[in-house]
Amino acid sequence: MADRLTMLAPDEARADARPVWIAGGGASGVPAPVAAWLEATGFEAEAGAVALVPAPDGGGVAGAAIALGEPADPFALGALAGKLPAGDWFVANPDETDIGKATLGFCMGAYRFDLYRTPPAKRIRLVPDKAVDRARLEAVAGAVSLTRDLVNTPANDMGPAAIEAAARTLAAGHKAVVKVIAGEELIAKKLPMIHAVGRASATPPRLIDMRWGKKTAPKLTLVGKGVSFDTGGVGIKPSGSMRNMKKDMGGAANVLGLAAMIMSMELGVRLRVLIPAVENAISGNAFRPGDVYPTRKGLTVEIGHTDAEGRLVLADALALADEEEPDLIVDMATLTGAARVALGPDIVPFYTGDDALAGALARAAEAERDPLWRMPLWQPYARNLSSTVADCANVTADGFAGSVTAALFLQKFVADKTPWVHLDLFAWTPKPKLHAPVGGEAQAIRALFAVLEHRYGDR
């Protein structure tokens, strides 16, 4: 993917940059003539409202003002990218907000996916305030853009092989090592579920295995669902439900984004990224309802529905991850529609048996404005995954608590002693926000990174 940080100007550009004042809501630091202009023009302090301030001699735009709303939303600076004239800008009264988050908000709002169209000629850049940790800002903003790019790319250009290529490109930039098990070799290497789900595609299924960091460091393993397109299999989805299924690799995209942050900021971990990359296609050898397959863990699974394929490929990947007894396993997946019914597109449900980790994630979610909500691993529901012919089924018969039962299914493939958290993502912004256009989205990775940074950042 192309460099996605062209929205940031170098520090030396500040000398020629124009000011943006944070105004409204009692903000201070706005020059009296600017304040008078805003009052005279009826500037309304709604979040993301922008006013251009003319030069005293009438010769163009001298600066701009933006409102953060009430309560103040630092991410409202994302609106600047679409409303300012071309050129370099800086926040003139940074003390009026959390300037680090505000600058990140600008970067996220400036994102555009232009792979298939001519990008706009107008370029707007923001000079980060000296108080901003630029290295961390670039790591986070770059990871968000990378994740969005991967999700936004359509399946004809982002199949299993392209997901592998993206992982290899990321790895090459950080001296990480990538190994791939593909096609029939998946069976020989005891990854039968990944093979079963992906074998109907013209592009062979694969497990992508990336490693980085010192071998003696605590082991952190990220597992991401990489279903490049989900037809639903032989239990085919309605066409309307299939429209955005290019985003079904959103878990893989988000773990690659999180991995990019971890490696860029050199956290003290032995990082492993596992991505089962498949296409859930339809052909004569597609897996079927009623089929029974073994798993790496040794459990057998009866297929109740072929549209519940993500948990199947994750099962083998989680079992493999668990064999190393890592310090923590994080899995991310666009797994269930039930999660959207419960919490909508913005809030990511997460599941873990680790109360301390759950508390840390909840605090980070609030601090980073990256919403998460803990959901219960309600064990009595696990009995609904029973099968009369196999150790378990991949879906329940009653349809209740779909996100919970999907998490309970995954829990079967991780040892009780292993710290583990599962996140059920949407990975998509359905309506534009000040800091996010419609399309692929990075979800939960900023909160997760804050927790990991606290845990492993000083090693």
Side-chain angles (χ1 to χ4, degrees), residues 1-24 27-35 37-38 41 43 47-68 72-114 117-146 148-149 264 433-437:
M1 296 293 174
D3 178 15
R4 304 301 291 173
L5 291 172
T6 55
M7 68 282 287
L8 292 175
D11 295 338
E12 55 268 24
R14 187 183 181 100
D16 298 318
R18 286 175 283 185
V20 175
W21 292 281
I22 296 170
S28 61
V30 180
V34 174
W37 167 261
L38 295 175
T41 56
F43 180 67
V50 175
L52 301 180
V53 180
D57 60 2
V61 175
I66 185 168
L68 304 186
D73 178 5
F75 285 172
L77 260 71
L80 291 174
K83 297 180 179 180
L84 292 179
D88 294 338
W89 299 80
F90 70 96
V91 178
N93 53 344
D95 294 340
E96 288 302 312
T97 186
D98 181 333
I99 191 58
K101 286 189 178 59
T103 309
L104 176 61
F106 172 84
C107 293
M108 292 193 295
Y111 171 87
R112 298 292 182 271
F113 183 66
D114 294 321
R117 58 185 179 183
T118 303
K122 182 174 76 170
R123 186 171 73 165
I124 301 165
R125 302 190 303 182
L126 189 70
V127 182
D129 187 78
K130 61 183 179 181
V132 174
D133 182 340
R134 181 157 186 156
R136 190 181 191 281
L137 169 67
E138 291 185 352
V140 176
V144 170
S145 293
L146 170 64
R148 289 172 171 177
D149 278 350
S264 294
K433 301 175 184 177
L434 297 175
H435 65 282

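Keep in mind the model is a prediction, meaning the values are calculated, not measured.
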Shortest non-hydrogen separation from A64 to L52 and the atoms involved | CB-CD2, 4.1 Å
Interatomic distance, L126 atom CG to L137 atom CG [nearest 0.5 angstrom] = 9.0 Å
To the nearest 0.5 Å, how far apart are CE in M108 and NZ in K433?
-> 9.5 Å
Heavy-atom closest pair, residues N93 and V20 | OD1-O, 4.0 Å
Could you tell me which residues satisfy side-chain contact (heavy atoms from CB on, under 4.5 Å) with A23, sequence neighbours excluded, listed by chain and number?
-> V30, L38, F43, A65
Sub-4.5 Å side-chain heavy-atom contact between V34 and W21 = yes
Please walk me through it: do L84 and V61 pass side chain to side chain contact (heavy atoms under 4.5 Å, CB included)?
-> CA-CA 10 Å; L84 292 179; V61 175; over 6 Å; no
Could you tell me which residues satisfy side-chain contact (heavy atoms from CB on, under 4.5 Å) with P33, sequence neighbours excluded, listed by chain and number?
-> P31
Can you see which heavy atom on I124 is nearest to which on P85, and at what distance?
-> CG1-O, 3.6 Å
Heavy-atom side-chain proximity of F90 to D129 below 4.5 angstrom | no
Which pairs with one or both residues in residues 96-109 pass salt bridge (charged side-chain N to carboxylate O under 4.0 Å, His left out), sequence neighbours excluded?
-> D98-K101
Do you know the tightest heavy-atom contact between M7 and A110?
-> CB-CB, 3.8 Å
Do R125 and P10 have side-chain heavy atoms sitting under 4.5 Å apart?
-> yes
Heavy atoms of G105 and H435 approach each other most closely as O-CB, 3.9 Å
Quick check: does any side chain N or O of R134 sit under 3.5 Å from a backbone N or O of A131, one acting as donor and the other as acceptor?
-> no
In this structure, CG of L80 is separated from CH2 of W89 (nearest 0.5 Å) by 8.5 Å
Rounded to the nearest 0.5 Å, how far does CZ of F106 lie from CG of L434?
-> 13.5 Å
Partner set under side-chain contact (heavy atoms from CB on, under 4.5 Å) for A135, not counting sequence neighbours | D133
If every non-hydrogen atom of V127 is compared with every non-hydrogen atom of A17, which pair is closest and at what distance?
-> CG2-CB, 4.2 Å
Counterpart residues, side-chain contact (heavy atoms from CB on, under 4.5 Å), relative to A102 (two or more places apart) | P74, L77, T97, I99
Tell me, please, which residues at least two apart from D95 pass salt bridge (charged side-chain N to carboxylate O under 4.0 Å, His left out).
-> none
Would you check if P437 and R148 make a side-chain contact, meaning some heavy-atom pair closer than 4.5 Å?
-> yes
Does any non-hydrogen side-chain atom of L68 lie less than 4.5 Å from one of I22?
-> yes
